[in-house]
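Atom set for the values below is all heavy atoms of this structure, side chains included, hydrogens, waters and symmetry mates excluded.
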Amino acid sequence: MMDISKVARAYDVSTRTIRYYEELGLLHPDRTAGNSRIYSKAELVKLKLILRGKRYGFTLEEIKEMILLFDKDRTGIKQLERTIHFGHEKIGQVEAKIQELTEMKREMEQLLVQFAEKLTNIKGD
């Protein structure tokens with residue numbers, strides 16, 4: 001069990017972020033007699049999944065759905081199926097973004113060639 005400050009340091013997030021995840025229903029820490037939050041191993045695993053999901057660009061709603069599915073189906077099958085579905089969608093979005101950025105790079109390279117030619121012409125005259 002870890003308190004919120006230790007969790008924040010261990011996962012390099014703010015305590016406010018952790019509280020926000022709790023407000024959204026993503027985390028459910030236990031409370032001490034003094035009403036301080038303490039996080040079990042299971043809650044730390046959830047936090048790790050949340051942070052990994054955010055890193056890969058999943059929305060908090062998608063992350064919440066995946067986490068809640070495990071709570072409903074302890075076999076993990078429904079969670080894995082949904083995660084795979086979201087993963088395929090995310091890969092499609094990443095591929096589209098790569099294509100968009102590749103095209104942008106190509107256009108920028110063409111513009112730079114044109115600008116260099118124009119500069120050469122201006123200096124040469």
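Using a 4.5 Å heavy-atom threshold, the side chains of L111 and Q114 count as touching. Residues I18 and Y11 fail the side-chain proximity criterion, which asks for heavy atoms closer than 4.5 Å.
Remark: L51 CG to Y21 OH distance equals 5.5 Å, nearest 0.5 Å. The NE2 atom of H88 lies 6.5 Å from the CD1 atom of I91; values are rounded to the nearest 0.5 Å. Distance check, rounded to the nearest 0.5 Å: CD1 of I84 to CD of E81 gives 7.5 Å. Residue T32 holds its OG1 atom at 10.0 Å from CE of M1, rounded to the nearest 0.5 Å. Once rounded to the nearest 0.5 Å, the distance linking CE of M108 with CZ of F115 reads 10.0 Å. With rounding to the nearest 0.5 angstrom, the OH atom of Y56 is 6.5 Å from the CZ atom of R52.
For H28 against E43, the heavy-atom pair with the smallest separation is N-OE1, 2.6 Å. In terms of heavy-atom proximity, A10 sits nearest to M2 at CB-CE, 3.9 Å. Here the shortest heavy-atom pairing between Y39 and D3 reads CD1-C, 4.2 Å.
Residues passing the side-chain hydrogen bond (donor to acceptor under 3.5 Å, both in side chains) test with T75, sequence neighbours excluded: D73. Residues passing the side-chain hydrogen bond (donor to acceptor under 3.5 Å, both in side chains) test with E22 are R31, R37, sequence neighbours excluded. In this structure T15 satisfies the side-chain hydrogen bond (donor to acceptor under 3.5 Å, both in side chains) test together with R19, sequence neighbours excluded. Partners of S14 by side-chain hydrogen bond (donor to acceptor under 3.5 Å, both in side chains), not counting sequence neighbours, listed by chain and number: T17.
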For residues 92-99, tabulate all N or O donor-acceptor pairs below 3.5 Å that involve a side-chain atom, not counting sequence neighbours.
| from | atom 1 | to | atom 2 | distance (Å) |
| --- | --- | --- | --- | --- |
| Q93 | OE1 | K90 | NZ | 2.8 |

Kindly list each side-chain donor-acceptor pair under 3.5 angstrom involving residues 62-70, sequence neighbours excluded, with atom names and distances?
| from | atom 1 | to | atom 2 | distance (Å) |
| --- | --- | --- | --- | --- |
| E62 | OE1 | T59 | N | 2.9 |
| E62 | OE1 | T59 | OG1 | 3.4 |
| K64 | NZ | L24 | O | 2.7 |
| E65 | OE2 | R82 | NE | 2.6 |

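Summarising the local packing, CD of E61 is surrounded by 12 or fewer heavy atoms from other residues, nucleotides or ligands at distances under 6.0 Å.
The one candidate from L27, V13, L47, I38 that meets the side-chain contact (heavy atoms from CB on, under 4.5 Å) condition with V7 is L47.
A donor-acceptor contact closer than 3.5 angstrom links the side chains of H85 and E89.
When hydrophobic clusters are built by joining Ile, Leu, Val, Met, Phe, Trp and Tyr residues whose side-chain heavy atoms come closer than 4.5 Å, directly or via intermediates, L80 is not grouped with F58.
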